[in-house]
Structure formats: C-alpha cells, structure tokens
There are 2 protein chains.
Amino acid sequence: MTQVSYLQDYQNPERHIGKARSRPPQFSAFEQDVELDGNSFTSTPVLNITSGVLGIRHMLGDGRQTISMLFFPGELLDFRCLLDTKGTVSCLLPVTASLYDGDEYDRLQRENAHFNSEHIASNNRQYHIAAQHCVDLARKSSVEKLASFIFECRNRLHVDPTQAIALRLRRSDIADYMGLRVETLSRAFSKLKQLKMITANENDEVTIINEPALRMLANGAG
Amino acid sequence: MTQVSYLQDYQNPERHIGKARSRPPQFSAFEQDVELDGNSFTSTPVLNITSGVLGIRHMLGDGRQTISMLFFPGELLDFRCLLDTKGTVSCLLPVTASLYDGDEYDRLQRENAHFNSEHIASNNRQYHIAAQHCVDLARKSSVEKLASFIFECRNRLHVDPTQAIALRLRRSDIADYMGLRVETLSRAFSKLKQLKMITANENDEVTIINEPALRMLANGAG
DNA sequence: CGCAAGATTGATTTTGATCAACGGCAGTGG
DNA sequence: CCACTGCCGTTGATCAAAATCAATCTTGCG
C-alpha cells in the first residue's frame, strides 16, 4: 500500500500546457499495490492504461474493503470522477499507462472530432460496464457472479473465445470487486469446475469448456 | 409496463438535424411505468430530466429484477450507454424531460465550451455515483444500504439537510435498486425508525433525526 | 529451512431470501 | 353505498446461502 503522488512520475508538467495539439502524453509505470490518491493531484489527469489493471478501492468504516470499478488496458480513467470520493486508485497488477493533463485532454477532445467521438464511445462503454456490474452485484448468487466476472474479463481483455482467459488478479481483489469473501469465491471456482463449465491451468488461466451453460448461469437463468 | 417508442413523442426529428445551434431541445412527458426501449430509437437521444425519476431496469433469466442506475431531475441520460444492454429505461415516476438528438448534442458539446464542461462534469458525477452505488451493493448490510440510499436521495434531489426527504419511489423499486427484497427493505425501515435515526410521515417523507449516527451506519462503521 | 502470503477446505453462525398471511387503500362496478 | 379486487407495504416463521471462524495446504523467498 505504497502511497505515490503521480507528480513524481509526471515530469515537467509545463510541457503539456502549451498550445501544441500533437504533444504525446506522458508514459508512466507503477508497481503492483501502488495507490494513486486522487487528492494528491494538482493537475487532474486522465490515464490511458496500456498494461495491467487498475481498480478503485474503497474502505468502509470497520475495514470492509470493496473495489468498485476496474480499468483494463485500452480503457480510460478520468481522475475527476472521484474527486470527492473516499476511494483510491490502486494498481492491482503492475501497470503502465499514458497520462494526459485533464485540461489538455478536454481541449483535444473539443478540437479533434475523432478524439471526441472516441471519448464519447469510451465514456458510454465504461458506464455500460458499470451498469452491468451493478446488476451482477445486486441479485446474483456467488456462482453466477463468478461466471459473469469471467465473461467480463474475456470481453474487456478482448480474449478470443477459443483462448484461455488469464485472470491475473488475486482472489482477494476479485472477491472485493464481486462483493464476495475469498472463501466464497474459492467455493464458486470449485463449483464451476465441478459443473464442467470451466477448467483452469496452473497459472490460473481459465478456459470455458461449456460456454452456453456458463452464459446461462451468468444471465441468471435459474 | 407500456412499451413506447420515443419517436411518438419526438415529433419532426428533421427539425433538429439542421445547422442552427440554438435549437431548443424537445420536451416530453412520460407516465409512470412507461418503458423506453433503447433499441426502438432511430436517432439515439440524450435525455435531460426535469422531473420524476428514470431507472435502467434489468431482468435476469429467471425473472429476478434489478434497477442498475437511477436518473434524477437535472441529470443526463445518454441512451447510447445501453446500446447492447438487455436493460430498458423505465419511468419509476411520471417523468418530464427534454430530449436532444445524440449527434446534435455532441455537436453542441464540441462547439460550446460551457456546454462541454457541463457535460464532462455531469459524466464524472454520474460515474462517481455509479461507483458509490457499487460500494453500497457489494458489502453493506440491508440497514446500511437503506441508510446510504437515503443520503443518496438527499444529495441527488438537493434536499436541504433540515428538510424531509421525499422517497417517492415504490418500495419495490428501491429494493431492486439496492439489491434487496421488499420484505428486507421494509424491515430495514423499521430498524432505522426503531434506532431513532429517521422518522417518516404519512406521505413516506423521511426526516433524518440523528444524522451523525445515520452517516456512521451508511459508512459501515460497524 | 522457516516464514509469510495466498488459496483452499471444513464447521458453524448469521443474514437475508423465501413462503405465507394480513391490513390499508384506491379504483370499479353492481 | 358497499362488496370486490388488485396493489402496496408490513409482519411472522422458516430456510438457504454466504459470512465467519478456524485449520490446512501451497508457493515463493530470504
């Protein structure tokens, strides 16, 4: 739980304030478990993740933890969405990302029609994912949650349906994201294997071996 | 559960495609329980709600229902965020809203700096609310969920802290939103009253009578 | 090796879902 | 007017699922 101001990695922010519109964003790398605190930013940044996974981690008063949102490679995280949140952005894996200055990002977005439409599409996609996640959390059983999570990973990582899905997250992070305890999650894994819907190799890469059944389960067709 | 194409209410869509930039958006009113299906739209609209409450309703395979997101007056609902979702937008109360054509909205947003910054702020706010909702769903007990919901309503309806909060939603809709059954929700209400944290009048308007305690509870300080 | 962190398994408890019944109330129709 | 109906919310009793508590196993690492 190392606390790091992103400014340490975002050298020479002045370089990004000028008028040039093709200035490349700054690249940065963060180790696993580094926490990026939104309040420690002077210039609110937008992160475009190139590898690894970020999550917004929240802590309840008595220590219960949750991860409300995940960010996979190719997805955008706008730090301004959590200004008044208690949540902190946490690197669930080693992460590399390119950083935009918030104002710079907005300007690009206004001035470049292509960039603008990509931005809108990205926003809508993230919101759609959030809505789906709420559905998963609200009413599904532990096994249904895990089935949904596996599909979510496959989609967001753009894994070919024939390929194995590397869930490189720790069990505890998956559990925090899906609103389960690790023990319950572990039992859900056992259940899916026992039902012959998935298999997993020694690297915890999941292969879906009965996709229709797993899909039904994820959709709550009880 | 009346199914209505928004086109019935959005007369003369051609009028909105021209170049005039100050074209006022179209106003519409919908009755309670009207369902707006995203797939029935030809021109994807953006709704700015002026009164009432909208929700995105989802149905699992075996009939379990969820409401993943709510939209209160002053908030924007971009129908493009649920293009490939099974969810439908449902009027949880009688609703009035102004409708923008999606492309028109995007153009306004690109061309008008003020509109643009309002749009970004709105997006971030909605995303923040979604993240908080995930936290509420993932780990909180039924009573904590209700406490959180009361604060969420107060914030999103901009109710003065000294005033009563009108939760005009049906119990079943609140329950679907918070991932509870109506019976459990009802017991949570009883519990909060018994703990002398809230009172409610005959119109189901809630008054917070011990805000610090209710806040602690909502934050999970167990 | 010894240790720590992560993952799994088992036994027990707690919470919320489920099932069932009831009361209030608005709308309907004789 | 009053029975009848359907919807909504509440309450009570029981059940099932997940949390909790505890122990064990696995793996990587100084």
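In the text below, chain A, chain B and the rest are named by the order of the sequence lines, each starting its count at 1.
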Please check: side-chain N/O of A:S148 versus main-chain N/O of A:E144, any donor-acceptor pairing under 3.5 Å?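 It does hold such a pair.
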Could you tell me from which nucleotide to which nucleotide of DNA chain D, 5' to 3', there is an atom under 4.0 Å from chain B heavy atoms?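 Nucleotide range in contact with chain B: D:dC8 to D:dA13.
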For A:F71, check ring-ring contact (aromatic ring centres under 6.0 Å, His included) against everything at least two apart and list the hits.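 Per chain and number, A:F71 pairs via ring-ring contact (aromatic ring centres under 6.0 Å, His included) with no residue.
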Partner residues of A:H128 under the ring-ring contact (aromatic ring centres under 6.0 Å, His included) criterion, sequence neighbours left out: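 A:H128: no ring-ring contact (aromatic ring centres under 6.0 Å, His included) contacts found.
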Residues that A:D78 engages under side-chain contact (heavy atoms from CB on, under 4.5 Å), provided they are two or more places apart: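 Listed in chain order: A:V46, A:R80, B:N124.
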A:N203: what forms a side-chain hydrogen bond (donor to acceptor under 3.5 Å, both in side chains) with it, not counting sequence neighbours?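 With neighbours one apart ignored, the set is empty.
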So, using side-chain hydrogen bond (donor to acceptor under 3.5 Å, both in side chains) as the criterion, who are the partners of A:T50 when residues are at least two apart?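 A:T96.
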Provide the full list of salt bridge (Lys or Arg N to Asp or Glu O under 4.0 Å) pairs with a residue in residues 195-207 of chain A, sequence neighbours left out, each pair given once.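 As it turns out, the salt bridge (Lys or Arg N to Asp or Glu O under 4.0 Å) pairs with a partner in residues 195-207 of chain A, which skip direct neighbours, are A:R171-A:D204.
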Within residues 161-170 of chain A or reaching into it, pairs that qualify as side chain to side chain donor-acceptor pair (under 3.5 Å) - sequence neighbours excluded: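 Pairs touching residues 161-170 of chain A that pass the test: A:D33-A:R170, A:D160-A:T162, A:R170-A:D173.
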Contact state string [nucleotides 6-13 of chain C, B base, S sugar-phosphate only, - no protein heavy atom under 4.0 Å]: SSSBBB--
Looking at residues 141-149 of chain B, who's got a heavy atom less than 4.0 Å off DNA chain D?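 By residue number: none to list.
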Pair up each side-chain donor or acceptor in residues 209-222 of chain B with any protein partner under 3.5 Å, not counting sequence neighbours, and list the distances.
residue : atom : partner : partner atom : Å
B:N210  : OD1  : B:A213  : N            : 3.3
B:E211  : OE1  : B:R154  : NH1          : 2.9
B:E211  : OE2  : B:R154  : NH2          : 2.9

Kindly list each side-chain donor-acceptor pair under 3.5 angstrom involving residues 177-191 of chain B, sequence neighbours excluded, with atom names and distances?
residue : atom : partner : partner atom : Å
B:Y177  : OH   : B:E152  : OE2          : 2.6
B:S190  : OG   : B:S186  : O            : 3.1

